[in-house]
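Notes for the one structure printed next.
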Protein chains: 2
Amino acid sequence: MDVKDLCLGALTYGDATGYDIKKFFESTFGHCFQAGYGSIYPALAELTEAGLVTARTEPGQAGPSRKLYHLTETGRRAFLAGLKATEPQHKVKSEFLVLMHFAHLLPPARLDAVLDQHLRELERKLEMIDAYECGGAGDGRLQHPGTRFVCGFGRAVMGAARDYIRTHRRGLGQHGSEAATRSTKQVRARSKASPASKNRGYTNA
Amino acid sequence: MDVKDLCLGALTYGDATGYDIKKFFESTFGHCFQAGYGSIYPALAELTEAGLVTARTEPGQAGPSRKLYHLTETGRRAFLAGLKATEPQHKVKSEFLVLMHFAHLLPPARLDAVLDQHLRELERKLEMIDAYECGGAGDGRLQHPGTRFVCGFGRAVMGAARDYIRTHRRGLGQHGSEAATRSTKQVRARSKASPASKNRGYTNA
DNA sequence: AGATCCATGTAAGGCGTTACATGATTGC
DNA sequence: GCAATCATGTAACGCCTTACATGGATCT
């Protein structure tokens, strides 16, 4: 699943410009998929060349001229086939959590700031979801269950994250023993000290 | 925050080989950061060249020879400075949620399979966290609060995801109206039909 | 005997991010 | 007037993913 597929998906709701599609991504997939113009415009060009979409340029009555993309029948079939074959991956890449893991090496003030910032970020995204569901877009996307499911999912997960941080941030401050000052002592005495027990600590799975 | 930084971080716990570091990433950051050998080995080579780590080759008594990396004082300082400056981003890239958004275009059997698969995956990761915390790695990582916080965070978030899916998957099956059969009708009559109201539906934020 | 684990790397390719470049219009 | 929004692209760079290549040791 790449930006091309997402563009096809966006166009199942009707014709749109690259700019429109970006806004659609932000409002609908903001918390689970991100794409910039640098991916979207090239993707649309490739899709046009492949015959999966067509483009027509409309002189903008108000504002610049717009290039409206339209999903062809071939494109729609390709999208459906792609959907069926898509593996449902779910990847998280969080420097926030890495930072939290190394909290004992972070200045307490910085740690606090990072936690506050992340909480604000979560709050903001939660509000965006609410706004998205209340602000009734009249185009039918809100009626279908998939949209509600994804919104609800985001709310559940980010709400849980917020609650967890609020109730557990207190324990994060104090470092155990002298870890912060002398972290380079050999804790992992491997292959020399205990040749019999391989892999203590790393492989738990 | 890239793989290089993560390697430095891993080495704050003591000397390790590239292979060890990969295992460490999997067990500790598996649910929030991923890195393969293709990133780790080049990263370690660059770090060595930059003088942030040193490498010594140990002939393996049992098994192949190991190249043990050691964090230098310069490296440790660089890591701490990098940590302080790291922006706490948290990105999710979920084809699973995209699939759920387009659930109305998916064959019901496939939809069910995808949901089951994702539930199993969540269950598996939750078990891995429990195993990680119970399986007492004797190297001190478990004692410090950062590790507990990250584990708890993962448990809270993934538990919430699991519960949400279980209680809301039922509503996902039936598609509203004829969306699946004729999705290409113009729902977004824009700029022609209603030139007064720009941007209905897309921009809610 | 065959699979799996330990262990280290290289090389190419893919994909996205970021920065740059441009310009009209609308609201404050 | 100035900022923000609308609107479309290009180009370079960076970073990771995937596949390839190799080989001993242990376990079943």
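Each chain gets a letter, A, B and so on, in the order the sequences are listed, and its residues count up from 1. The structure presented is a predicted model; accordingly, all values stated were derived computationally and were not measured.
For K125(B), there are no salt bridge (charged side-chain N to carboxylate O under 4.0 Å, His left out) partners two or more places apart in sequence or in a different chain. Partners of Q34(B) by side-chain contact (heavy atoms from CB on, under 4.5 Å), not counting sequence neighbours, listed by chain and number: K91(A). For the side-chain contact (heavy atoms from CB on, under 4.5 Å) test, residues two or more places apart in sequence or in another chain that qualify with E87(A) are R110(B), Q117(B). Evaluation of the salt bridge (charged side-chain N to carboxylate O under 4.0 Å, His left out) rule for D116(B) yields R169(B) as partners, not counting sequence neighbours. For the salt bridge (charged side-chain N to carboxylate O under 4.0 Å, His left out) test, no residue two or more places apart in sequence or in another chain qualifies with K93(A).
Note: OH (Y19(B)) to P (dG9(C)) measures 14 Å, nearest angstrom. Counting to the nearest Å, the C1' atom of dA7(C) and the CZ atom of R56(B) are 16 Å from each other. With rounding to whole Å, E46(A) atom CD is found 14 Å from dT10(D) atom C1'. The separation between D20(B) atom CG and dT8(C) atom C1' is 12 Å, rounded to whole Å. Rounding to whole angstrom units, CG of residue D15(A) and P of dA7(D) are separated by 14 Å. The interatomic distance linking K22(A) (NZ) with dG9(D) (P) rounds to 15 Å, in whole Å. Computed from coordinates, the L6(B) CG to dC16(D) P distance equals 9 Å when rounded to whole Å. One interatomic measurement links the two molecules: CD1 of I40(B) to P of dT8(C), which rounds to 10 Å at whole-angstrom precision.
Note on E121(A) versus R124(A): salt bridge recorded, some NZ/NE/NH1/NH2 to OD/OE distance being below 4.0 Å.
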For residues 153-166 of chain B, dump all side-chain donor-acceptor pairs below 3.5 Å to protein atoms at least two apart in sequence or in another chain.
from	atom 1	to	atom 2	distance (Å)
R155(B)	NH1	D130(B)	OD1	2.7
R155(B)	NH1	E133(B)	OE1	3.2
R155(B)	NH2	E133(B)	OE1	2.8
R162(B)	NH1	E123(B)	OE2	3.4
Y164(B)	OH	F149(A)	O	3.1
R166(B)	NH2	E123(B)	OE1	3.0

What donor-acceptor contacts under 3.5 angstrom involve side-chain atoms of residues 36-48 of chain A, with partners at least two apart or in another chain?
from	atom 1	to	atom 2	distance (Å)
E46(A)	OE1	K4(A)	NZ	3.0
T48(A)	OG1	L44(A)	O	2.6

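Among the heavy atoms of the strands, none lies under 4.0 Å from F25(B).
T17(A) has a side-chain polar atom (N or O) that falls below the 4.0 Å cut-off from OP1 or OP2 of dT8(D). Contact between the side-chain N/O atoms of K67(B) and the OP1/OP2 oxygens of dG9(C) is found at a separation under 4.0 Å.
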Where protein sits on nucleotides 11-18 of chain C, one letter per nucleotide: B base, S sugar-phosphate only, - none, heavy atoms under 4.0 Å: -----SBB
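The shortest side-chain heavy-atom distance between C151(A) and R148(A) does not fall under the 4.5 Å cut-off.
An end-to-end axis angle of 50° holds for the helix from dA1(C)-dT28(D) to dC28(C)-dG1(D), taken from five base pairs per end and rounded to 10°.
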